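Whatever order the structure lists them in is the order used to number ligands and atoms, beginning at 1. FYI, the numbering just counts along the sequence from 1. Since we're looking at a predicted model, the values are computed, not measured.
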Amino acid sequence: MTAPVSSAPRAPVDVPLVLERCRAVVRPALSEAVGRMHPWVGEMAAYSFGWCEVGGASTAASGGKGVRQALAVLGAEATGAAGRAGVPAAVAVELVHTFSLLHDDIMDGDPVRRRRPAVWKAYGTGPAVLAGDGLFAQAVETLAAAGADASAMRMLSVALGDLVAGQADDLLFAARPWTGPERVRPAEYRTMAERKTGALLGCAVALGALLGGAPPPVVAALDRAGRRLGLAFQAVDDVLGIWGDPEVTGKPVHGDLREGKKTLPVLAALGSPSSEARRLASLLTSGADPREAAALIERAGGRAAALHEARGHLGAAEAALADVSPRGTAGDELRALSAFLVRREL
Ligand SMILES: CC(C)=CCC/C(C)=C/CC/C(C)=C/COP(=O)(O)OP(=O)(O)O
């Protein structure tokens, strides 16, 4: 990858338009993957993507931002290939992401996703588990059917392993105390968040680039960039989980606090040398009113610290991207998409 030799200033990137363009490039192959599923399982997948309501009726509900599919398409384009080279990667990561959301909502008991009942609420827990399994199966099938080589398959399997490990830690951390020697340290949180969220973002952009023909050092650098972007994205997601607007995020606030999730704003607040931190610790331990806890977290600096950390990870992601100087428009779009994902709340 080499930077273009041009001194002409480039137009600012319209990120929602980029997401829409990538969605259109990926949609036929994603529909094909859903079409390969058992009809009932495929209906639940289509529901997750906002293509239909329960019972298969067609609507235009929200199916998520499509961040991972866009990263894969842009990863391919940034190597100089056509976006369609990255489509099998885009479909695979979007299917894996959706599978993980379906299972995550069951594990957390979260009833709402993407502004409507989560799949387990709409169809039942067993069917939702099965739909997640079906999405997972089609992710592997999509890559294999595209003739992806062993290194591409391995990239997906490593991301999957990380996703499971990150989710395992997230669940285990929720059962640990807020304070004392057993408390969750920020470094443990970062490892968990990189696996749970960063691994798939890294995989998306790196796998797209690999399928576009990028050499191994470029693929590795893009994976690093995506992982750091994932850390920034998760920190912002944690903030939105406490102070976000449900109309925008598509899910209610305070779920993480109720579930005892060790999110970054809470860990940062508890680690601050303030009287609010001590009050917060006793409030959380005694089963806090989430609104009161949220106010204390803010006063103890937890929100500001999480956003500060998100900015730091974004800077590292941008530096890793700059290392490989992704080409022209796609490079600009990758940088703009990264900033957009993190700055949605900064
Ligand atoms: C194995 C297993 C169950 C793992 C679960 C891992 C998990 C749920 C991680 C959370 C990642 C995350 C920030 C999702 C929101 O993405 P987004 O804002 O891009 O969502 P969208 O697609 O709805 O826009």
Side-chain angles (χ1 to χ4, degrees), residues 15-16 19-20 22-23 26 30 45 47-51 61-72 90-91 93-110 112-116 118-120 125 128-129 131-133 135-136 139 156-174 189 191-205 226-227 229-242 244-251 255-256 259 261-264 306 310 313 337-338 340-345:
V15 175
L19 289 171
E20 207 38 60
C22 294
R23 190 189 303 280
V26 176
L30 195 57
Y47 174 86
S48 313
F49 292 125
W51 299 344
S62 156
K65 293 178 286 299
V67 169
R68 292 152 193 83
Q69 60 185 344
L71 285 172
V91 171
V93 293
E94 207 59 34
L95 291 172
V96 165
H97 168 58
T98 308
F99 130 72
S100 79
L101 296 183
L102 261 62
H103 285 192
D104 183 58
D105 287 340
I106 296 168
M107 292 177 209
D108 291 347
D110 286 338
V112 176
R113 169 73 65 181
R114 294 174 171 169
R115 295 188 192 91
R116 51 199 192 143
V119 175
W120 71 273
T125 303
V129 171
D133 297 341
L135 289 157
F136 184 1
L156 188 73
S157 69
V158 167
L160 277 162
D162 275 355
L163 204 66
V164 172
Q167 180 77 348
D169 278 338
D170 197 30
L171 294 177
L172 288 168
F173 290 175
Y189 165 89
T191 303
M192 177 276 289
E194 184 186 329
R195 289 172 169 163
K196 183 177 87 155
T197 304
L200 198 58
L201 295 191
C203 175
V205 64
R227 282 174 178 263
L229 177 61
L231 276 163
F233 188 62
Q234 186 58 56
V236 170
D237 206 64
D238 287 355
V239 167
L240 292 173
I242 302 177
D245 175 356
E247 278 298 308
V248 178
T249 62
K251 55 185 185 183
D256 289 344
E259 291 154 24
K261 286 289 172 72
K262 304 301 183 292
T263 61
L264 190 56
H313 291 306
L337 175 58
S338 305
F340 172 86
L341 292 178
V342 179
R343 299 229 160 83
R344 57 194 172 138
E345 192 52 21

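Atoms of ligand 1 lying under 4.0 Å from any heavy atom of D237, numbered from 1 in the order shown and given with element: 13 (C). Near K65, meaning under 4.0 Å from any of its heavy atoms, are these atoms of ligand 1: 17 (P), 18 (O), 19 (O), 20 (O), 21 (P), 22 (O), 24 (O). Those atoms of ligand 1 that come under 4.0 Å of a heavy atom in M107, given as number and element, are 3 (C). The distance from ligand 1 to the heavy atoms of S100 drops below 4.0 Å at these ligand atoms: 2 (C), 3 (C), 4 (C), 5 (C). Residue contact check: Q234 has heavy atoms under 4.0 Å from atoms 13 (C) of ligand 1. Residue G64 has at least one heavy-atom neighbour below 4.0 Å for each of these atoms of ligand 1: 21 (P), 22 (O), 23 (O), 24 (O).
The minimum heavy-atom distance linking Y189 with Q234 is given by the pair OH-CG, 3.7 Å. Contact detail for A165 and R195: the closest heavy-atom pair is CB-CD, 3.9 Å.
With respect to the salt-bridge test (charged N to carboxylate O, under 4.0 angstrom), the residues D104 and K196 do not qualify.
Annotation: side chain of D256 is not in contact with side chain of I242 (no heavy-atom distance under 4.5 Å). Side-chain contact between L95 and L30: present, with at least one pair of heavy atoms (C-beta onward) separated by less than 4.5 Å.
Residue contacts with ligand 1: H97 is placed with a nitrogen or oxygen under 3.5 Å of a nitrogen or oxygen of the ligand (distance criterion only). At least one N or O atom of R114, backbone or side chain, sits closer than 3.5 Å to an N or O atom of ligand 1.
The proximity of K196 to ligand 1, defined as any non-hydrogen pair under 4.0 Å, involves the side chain as well as the backbone.
Once rounded to the nearest 0.5 Å, the distance linking CG of D133 with NE2 of H103 reads 4.5 Å. Interatomic distance, CZ of F49 versus CD of E94, reported as 6.0 Å (0.5 Å rounding).
Using a non-hydrogen distance threshold of 4.0 Å, R113 does not register as a contact of ligand 1.
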